[in-house]
Structures are given as C-alpha cells and as structure tokens.
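To keep things clear, I will list the structure first and then write my remarks on it.
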2 protein chains.
Amino acid sequence: METQNTSEMVKDIFTGYLENKGYRKTPERYAIVDTIYSHNGHFDVESLYAQMKNRNYRVSRATIYNTIDLMADAKLLIKHQFGDGITQFERVYNYKQHDHMICTQCGKVIEFFDDRIEDIKQSISDSTGFQIDSHVVYFHGICKECNKK
Amino acid sequence: METQNTSEMVKDIFTGYLENKGYRKTPERYAIVDTIYSHNGHFDVESLYAQMKNRNYRVSRATIYNTIDLMADAKLLIKHQFGDGITQFERVYNYKQHDHMICTQCGKVIEFFDDRIEDIKQSISDSTGFQIDSHVVYFHGICKECNKK
DNA sequence: ATACATGCAAACTGTTTGCACGAAG
DNA sequence: CTTCGTGCAAACAGTTTGCATGTAT
C-alpha cells in the first residue's frame, strides 16, 4: 500500500532528523507527523489541533507549532500564506511537485504543475550562486467559474 | 525626470480608480500613495507609518491599511508574506517585473528576473481557463554569502 | 539524574472593528 | 446636508513565551 510506505518513509526521515539534531523522540512529535501525513490537502494549525483532539491525541498548540517548525526544517512540509491571513501548511514528501493558483474572487486554491519551473531554478541558481532548496509559485487571478458570472 | 512621471501616472491611475468605484478623493489617500511611490523597496505598515510621521503627515494605521487595500485592488502594489510573519508590500507600477529569492539562513531577500515565467502563465492560463492577473514566485535556499561560511 | 519537551495560560503583535467626529460630494 | 472616511482605542486572532510538571535519554 502506497500510503503505508510514505508514512513509514516519513517516520524514518523524521527519526533521522531528530537523531541528527540531538532532539528527543517524543510520542507527541510522532503523533503530529502521523496526523499530518494522514491526508493530502492544505491545513492550518487550528484544524490540525481539532483533528488531533478527535483522534484523542492530547497535544497542545505550542507543541504543534514546535513540531511543524521541525518538520519544515526537515523538509517534510512547506508553509503557505495565501493572503487570507491564515498560515497554511502542506506535506511535501512523496507528493507530486505542484504550485498554486488563487482566485481573488472566491478564494479557491487550485493546484497546477509545470516542469519549466525547475529549468528556471536551475539557471537562476547557476547565474547567481544562490542555492535554491525549494520554491513557491502563486498565480493570482479569476478562476473559470467566477469568470462566467 | 522619470520618477516624476511615474508619480504623476500613478496619481492618475489612482484617481481613475477612485472615481470609477465612487470612492472619495481624500488627502490622506493621496499622501499614502505618494509616500509609497517615493521609494522602491519592500516596506511594512509600521515603517510606512513611521515614515509618514517623519514627513509630518498625520494618518492613522487604520487609514494606511484601508488605502493599501485600495491600491492593491487598483493593481498599484502587491502584498508579500515572506514567512517572517510581517506582511510586506511593494509598488508595482512601472517597476521592472521581478521575483524574489529568500535566504533561509540570513533572511535576505534578493530580486531576480526571468521571462520564462510569463510563458508558463500563458500556457497554464490557456489550458485551465484560469485568468491569471499577477504572480508571485519565491525561491527559498541559501544565499551565496551564507554558503561560504 | 539531568536537561529537554510539554501543557497551559498569559503575553505579544499585527490587523480589524466600532464609534464619534470631520470633511468630501 | 448626507454619507463616507478618518483617528483613536479597544477588540481580536494567530503565534510566541514563561513557568511548573513530566519524561526521554
């Protein structure tokens, strides 16, 4: 099962990260990693907190913030600020590279993919000496549905 | 003088926008537009507020927020959230189209330009029916200087 | 046994809101 | 004269911080 594998892989990467940095392997941290990797979409801290409550995990918001930072550092998730004021996150390991279009009318976020972005990263990196680890691309505009109205 | 022209053009666009929307032409709004277009770089609300105080303009933060929203709507500025929690803005009219690289180590923001991004926008727009008005591209990584250390 | 991580609540910060006053139309 | 915009301060929301307790090492 593919999901199973991803989940295991992520746990291993995270364990390696913690060991490497000398951080402790607490059950709370693993519970958070697990919950995040149990679904694909974007999420914010508040809904993650609610979801973990539902699963009967007892973790505080502070620990969620802390663990999210660790995961971002370990390249297991990425932070988004689409402009509505709420910071969103999404898992990044083994999930198809993609970018986002945001409708300025209805707020919908649509994913798209274009591999020319990798080419651009390569050449900018080559010409500037800036080592590019990750990227974020947002296209703002009016989605198909809103445009019909 | 080129700056003079830009400033005049922007004022005209803004006036047209206000008239079109039926909003009032208040001195505070023009003072804010003027101050923003008196420099090029990124800025946040707090530093703009301070700068206007120095110029002896009396405007409240609330009015700054309000006017910034109008300018964004009029496509005279763009909003950035580079990830440090502070929302930054930058003028956009008659300023070379560019994007940003953010050093995750020292926080530096470097501008770069690549016109292939326009090609991508075009083809994504064609294939999805999403009307793309503007874009934001962030490359995250380690800048040349930090990489030397 | 010794820090480090957690939970909780209080503190903090950037932004929004409500209201009375002032000015644009 | 009417209504919208402003200034001010209070409210708000998301995030960070401090401290006592718990627990991984």
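Chain naming here is simple, since letters A, B, ... match the order of the sequence lines and numbering starts at 1 in each.
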Legend entry - Distance-only side-chain donor-acceptor flag, A:Tyr30 / A:Thr15, under 3.5 Å: yes

In whole angstroms, how far is the [atom2] atom of [N] from the [atom1] atom of [X]?
| X | N | atom1 | atom2 | value |
| --- | --- | --- | --- | --- |
| A:Arg58 | D:dT21 | CZ | C1' | 12 Å |
| B:Phe14 | D:dG5 | CZ | P | 11 Å |
| A:Tyr57 | C:dT6 | OH | P | 15 Å |
| A:Ile64 | D:dT17 | CD1 | P | 17 Å |
| A:Phe43 | D:dG14 | CZ | P | 15 Å |
| B:Tyr49 | D:dG7 | OH | C1' | 9 Å |
| A:Leu48 | D:dG14 | CG | P | 14 Å |
| B:Asp44 | C:dT15 | CG | P | 8 Å |

Legend entry - Given DNA chain C, 5'-ward residue of the pair B:Pro27 and A:Gly22, judged by closest heavy atom: A:Gly22

Legend entry - Whether over 12 other heavy atoms sit under 6.0 Å from B:Arg58 CZ: no

Would you indicate which nucleotide in [options] comes nearest to any side-chain atom of [X]?
| X | options | result |
| --- | --- | --- |
| A:Ser60 | C:dG14, D:dC8, C:dT6 | C:dT6 |
| B:Arg24 | D:dT6, C:dA24, C:dT6 | C:dA24 |
| B:Lys25 | D:dG14, C:dG25, C:dT15 | C:dG25 |
| B:Tyr23 | D:dG5, D:dT15, C:dT15 | D:dG5 |

Inset, instruction - Answer yes or no: is there a side-chain heavy-atom contact under 4.5 Å between A:Arg91 and A:Thr6? - result: yes

Given [N], is OP1 or OP2 found less than 4.0 Å from the side-chain N or O atoms of [X]?
| X | N | result |
| --- | --- | --- |
| A:Tyr65 | D:dT16 | no |
| A:Arg29 | C:dT6 | yes |
| B:Thr26 | C:dA23 | no |

Inset, instruction - For A:Lys79 and for B:Thr63, find the nucleotide of DNA chain D with the closest heavy atom, then tell me which residue's nucleotide is more 5'. - result: B:Thr63

Inset, instruction - Indicate, with a heavy-atom threshold strictly under 4.0 Å, whether A:Asn66 touches base, sugar-phosphate, or nothing. - result: sugar-phosphate

Inset, instruction - Could you tell me whether A:Lys96 and A:Glu111 have a side-chain N and a carboxylate O separated by less than 4.0 Å? - result: no

Legend entry - Pairing of B:Glu145 and B:Lys108 as salt bridge, 4.0 angstrom limit: yes

